[in-house]
Amino acid sequence: MHKIETKEINLHYGNFHALKGINLVAKENTVTALIGPSGCGKSTYLRLFNRMNDLIDNVEISGQVLVDGEDIYGRKVQVDDLRKKVGMVFQKPNPFPKSIYENVAYGLRVNGINDKKFIEERVVSSLEQAALWEEVKDKLNKSAFELSGGQQQRLCIARALAVQPSVLLMDEPASALDPLSTSKIEELIHTLKKDYTIIIVTHNMQQAGRVSDYTAFFYMGTLVEFNETKIIFTNPKNIQTQNYITGRFG
Amino acid sequence: MRISALVTSITIIMIVFFLFREGVGIFKSPSVEKGYVIAVNKSNAVETLNSTQLKNIYDQEITNWKTLGGKSQEITVFRVEDITNYYSEEELGANMEYLPAKISEVLAKTPGMIAFFPSTYLVKNFKGKVLPLKNISVANFLGGTEWFPTAQPSAQFGAWPLILGTLYVSLIAILLALPLGLATAVYLAEIADKRTRNFLKPVIELLAGIPSVVYGFFGLVVIVPILKNTFHLDSGQSGLAGGILLAIMALPTIITVSEDALHNTPNAMREASLAMGASKWQTICRIVVPYSSSGITAAAILGIGRAMGETMAVLMVTGNAAVVPHSIFEPLRTIPATIAAELGEAPQGGLHYQALFTLGCILFIMTVSANLMAGYISKKKRLA
Amino acid sequence: MKISINQRKRYTQNIAFWIFRLLSFMVVAILFIILCFLIYNGIKVISWDFLTQMPEDGMTKGGIYPAIIGTLCLIAGSMVFAFPVGVLSAIYMNEYASDGWIKKLLNQMTSNLAGIPSIVFGLFGMALFVNKFGFGDSILAGSLTLGLMVLPVIIRTTEEALKAVNDTFRHASLALGSSKWQTTRRVVLPMAFPNIITGVILSIGRVSGETAPILFTVAAYFLPRLPHGIFDQVMALPYHLYVIITSGTNIEESRPIAYGTALVLITIVLIMNLIANAFRRYFGKKVKMN
Amino acid sequence: MTHLESELQQLKNNLVEMWTLVKNQLSKAKEALVTEDKDLAREVISLEKRVNSFELSIDKDSENIFALFSPVAVDLRLVLAVIKINNNLERQGDCAKGIAKFVIDIDSSFDKNLLTITRIIEMFDENIVMLNELIEAFEKEDGIIARKTFKRDEFLDIINDESTSIVANYIRSNPDGAEQALQILSIIRKLERAGDHSKNIAEEIIFYAEAKILKHEVKEKKKK
């Protein structure tokens, strides 16, 4: 059983056919990068896995999205539970206007956990996992906005980790950050791979190369090529993929 | 073009100038209408009086000069028309031509007498003592609890009940309107689908467009009787009626401003919260509303500001009793209603006229500071 | 355990959403109650005669013709003043003034002006126009007062309209060598025009409904004739309504007339609102398409 | 350690492993020559496949690092140097294999005297020392150690230059041993070539460590 699998996924926004029959498999504890030009459907595809597309009107989805072998669009599935299992980190750092501590504790609190000790332990461990603990341990009660952009993004990662998901979705997590912060996030992704299955959307092909084990190239709503990142980057089978990663696109 | 741009500024400056020029005048004038004097017997030790004392004397609440620092002596109150109690019509002459002299005489005769009469009746060798009167003080004006602008001899300008009434009604209004307005704003911004939104928004704008006099009319013929019957009041005209009406009128402001504030919450926040497994409701409560709290506060303050300045509707339903209100079921009176009701009757340039302008100044200060505060609060958050 | 948390979350959410929905529709209900009440009571009174005849018998009979005309005069008067001043002022603030303390000051002043209660405008109008300038209670004084009052509305909406015009159009025009004024007049203003008109219509609605500013500056208690000039007093719908509700010679008997007047007044205001809305929607779409 | 750093370290480790292997190949070839141990010579030949597979895998790894990490500056020079060192090492591996082949092909035993007068053992030793020093220089990123190689290479060149006349004299006085002597000469040539490869490696190390390109300079010196 694969950690994540999609079978013949089709997605329409009204009349717009955004995803066309996507089949893809992501193994446990790997990083899968989704690359492709803007509007190719990679973000839309990413948002399938925690059903964030549900928030948009006029979306129709057919096909199956399996997480741990379970169809997450099935009737019995509770979106809240799914989203606990499948964490998400967004393009821009978007900490809540709360303290650093409360940001990380948020996911636990909204899921009905009130045990202070438990929350505290989880906050600390999440911050440690996100490689942020050393930098913030003395100012947990300060506003999250006082952190730098890169720190904020790691805080957002810690926030996502706090509810102990097994899958982490990242939508261009470093595109709003400076190079130093970017490399920190990339390193973090590399270390998190041990415990999580990560899917990352990125515009930056070098980033895909650096962090991912598998790469999927999307173009106009179709999955053009999916393979090991090494192969995609050294010897892609598809000419479109080659043109894209070599920058000769269009 | 530059000039026209400056019109707003000029207008404000002129408003301030004229309002305050007329309004400050009251603090420079004695508490007795111009053209009248207060006089006592020469032997009287009391040197001066203020308007409250004067009023109490004439209301017979102070009956002995001792209370005012004089000798222990009964006070005899004298008004011009009382002259007939002392002298026959013949003595006063056919055309009352001896009246001034007789006033002087009676005053000299009666040690405990205090007289109020037009200054034209002041004879050259006046045998009484004209009392210099204290000017109306700012503290008296703001803190005075009695508003009898037409009282004789000394009009009472205690704005306290009016200020209190204004705040009272505004407070009731905001207490009623804020939950309702906030709920509607949240519903519009976060919950409702597009169609409901497109239907509700114009409706709320219409609510804002209805003239206040129409609201007042509606309040008078519908709300007031309902209140009267429900709570078995003597009259439904009360602070509550005004509050309800103002709440309805403040709703559009509160809804629009707080909806804007809610919209300012970045979508990323909402998505982040939802992506953590929070429900929509939790997201609204824990993220969206706290994030826009300053905007909502600004909305509430703006709403209060609007409510304070509202005139016609309040004038029509609050019963206009210028007393310090003790319960929401009692009639009360607000500053704008007072101005609207009394300015027509106040002679231009007179004490009453000036007093109303002073009220205008107070109202102006109250609303402008509410506006500035709302602006400051919403701006402060935006920088953070 | 987990399921119960989710269920609890869901129940809370459902209950909360229903309450909110209910409260929102309560707001709508309030409007409908007011409208229905006025229409129901007012429609019986409205007739051609009611609209075109003079009030009679201490306003217990007859029509509201002079009040309608008076209100129209005030609308026209205030717009003649407020429209050019407001639009020019907005153009200056948006197109010419550089971002400095002057612009900040002007902005602050405009928003302050918007927050001043209408009764204070009334006081001001009385002190300045009626007494100081010696216009007396007249259309001129009333129009100026009302004009000042809606000035911020016009400035704000015009500014919004100008801001909505994409900068690329300005740059394109300037790049062709036209002057700033030419650009403003030939490119920016025509594009912003529909939205400016929306603002004007909204302020007409406001002007026609205001009572407090005209109390002491223009409104006549009872004047069964048409005005002769701008120094004449007039009756106006809102004040007329106020008078016949609260201090008419026979309040009970003039009640039907009050309903009729209220209906006419509210109709004018609502129509203005609807037109503005339609305008905004129609042209709003067009702008988006660009 | 970052992801890239660990990848580079892995690459370095692989290269050093290959390096050691090549060095061992050379010393085994020497051993085989001196002791006329044909089994050892065969071992050298079979181990050559390992050298080749090392070369392929290091090439592949370098390619991946280029493709996935787009290395820059010192990292870029490292990978570039690794590719070239890899290439040179493989050639040195070939030399060892060639020498082993001679050992197998020779029927009679060597004239020990010939080995002494041609100083061929010295050449072997010098080459092994060079490789050892180069590994150290590479691991320490030390250009000074690497520069020692140039001296040693000159020494090899001198032996090589002298060897022609020595071998010629030997053949004149010892016509039966002509075949053997020519084979020894070929081995000397190979060892000289191996020395050149070491010198190339040294240049790459200096390029990697100091970002200095010495090739041109050295070539001119050579011409002189």
Side-chain angles (χ1 to χ4, degrees), chain B residues 1-2 4-5 7-9 11-12 14-15 18-19 22 180 183-184 186-188 191-192 200 202-207 209-214 216-218 220 222 248 251 255 279-282 305 308-312 316 336 339-340 343-344 348 356-357 360 363-364 367-368 370-371 375, chain C residues 9-10 12-13 16-17 20-21 23-24 26-28 30-31 34 37-38 84-85 88-89 91-93 96-97 105-106 109-113 115-120 123-124 126-128 131 148 151-152 155 205 209-212 215-216 238 241-242 245-246 258 262 265-266 269-270 273 277:
Chain B
M1 202 178 286
R2 202 161 300 178
S4 59
V7 165
T8 52
S9 315
T11 309
I12 293 219
M14 293 219 293
I15 288 178
F18 275 96
L19 228 51
E22 301 280 350
L180 195 58
T184 310
V186 168
Y187 183 72
L188 278 179
I191 306 170
L200 281 176
V203 166
I204 287 157
E205 275 168 28
L206 285 189
L207 212 51
I210 296 179
S212 68
V213 66
V214 174
F217 179 39
F218 178 77
L220 196 63
V222 178
I248 298 175
L251 269 177
I255 293 174
S279 68
K280 214 170 170 182
W281 171 240
Q282 285 174 319
M308 284 192 302
E310 187 42 56
T311 315
M312 302 315 290
M316 291 157 83
I339 299 174
L343 190 60
Q348 192 201 329
L356 292 177
F357 270 88
L363 184 63
F364 177 84
T367 50
V368 165
N371 272 326
Chain C
K9 270 158 77 174
R10 208 143 300 148
T12 330
Q13 165 156 334
F17 280 14
F20 277 44
R21 195 163 296 145
L23 290 177
S24 304
M26 221 167 99
V27 174
V28 180
I30 291 171
L31 179 79
I34 296 176
F37 176 77
L38 290 177
V85 173
L88 284 179
S89 160
I91 290 175
Y92 177 75
M93 282 163 73
Y96 286 83
L105 179 86
L106 289 178
M109 285 295 186
T110 310
S111 55
N112 279 345
L113 196 63
I116 294 175
S118 54
I119 186 75
V120 175
L123 275 178
F124 169 66
M126 181 176 183
L128 183 70
N131 294 336
L148 283 179
L151 201 53
I155 292 178
E210 276 296 346
T211 318
L215 274 178
F216 322 116
L241 177 59
Y242 169 63
I245 301 165
T246 56
L265 185 56
I266 212 167
V269 173
L270 293 193
N273 258 300
N277 243 322

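Throughout, protein chains are lettered first and strands after them, A, B, ... in sequence-line order, and every chain is numbered starting at 1. Computed from a prediction, not measured in an experiment: that's the story for all the values here.
In this structure, B/Thr311 and C/Pro117 have side chains that are not in contact, with every pair of non-hydrogen atoms separated by 4.5 Å or more. Side chains of C/Lys9 and B/Trp281 form no contact here, defined as non-hydrogen atoms less than 4.5 Å apart. A heavy-atom distance below 4.5 Å is found between the side chains of B/Met312 and C/Leu215. Using a 4.5 Å heavy-atom threshold, the side chains of B/Thr367 and C/Val120 count as separate.
Interface residue C/Asn112: backbone and side-chain heavy atoms are both found under 4.5 Å from chain B. Contact of B/Ile191 with chain C is made through the side chain alone, with heavy-atom distances under 4.5 Å. Heavy atoms of C/Ile34 lying under 4.5 Å from chain B belong to its backbone as well as its side chain. Looking at B/Phe18, the atoms closer than 4.5 Å to chain C (heavy atoms on both sides) all sit in the side chain, from C-beta outward.
The distance from atom CD1 of B/Ile248 to atom CD1 of C/Ile30, rounded to the nearest 0.5 Å, is 5.0 Å. Summarising the geometry, atom CG belonging to C/Leu123 is positioned 9.5 Å from atom CD belonging to B/Glu22; distances are rounded to the nearest 0.5 Å. Here the CD-NZ distance, from C/Gln13 to B/Lys280, works out to 7.5 Å after rounding to the nearest 0.5 Å. Between B/Asn371 atom CG and C/Ile116 atom CD1 the span is 8.5 Å, to the nearest 0.5 Å. Note that CE of B/Met316 and CG of C/Leu241 are 6.0 Å apart. Values are rounded to the nearest 0.5 Å. For the atom pair CG of B/Leu251 and CE of C/Met26, the computed distance is 8.5 Å after rounding to the nearest 0.5 Å.
When C/Leu105, C/Leu151, C/Thr110, C/Thr211 are compared by the number of non-hydrogen pairs under 4.5 Å with chain B, C/Thr211 comes out ahead.
B/Thr11 is linked by a side chain to side chain contact (heavy atoms under 4.5 Å, CB included) to B/Val7, B/Ile15, C/Leu113, C/Phe124, C/Leu148, counting only residues two or more places apart in sequence or in another chain. Contacts of B/Val203 classified as side chain to side chain contact (heavy atoms under 4.5 Å, CB included), with partners at least two apart in sequence or in another chain: B/Phe199, C/Val28, C/Leu31.
Annotation for B/Gly209 and C/Asn273: closest pair CA-ND2, 3.7 Å, computed over non-hydrogen atoms.
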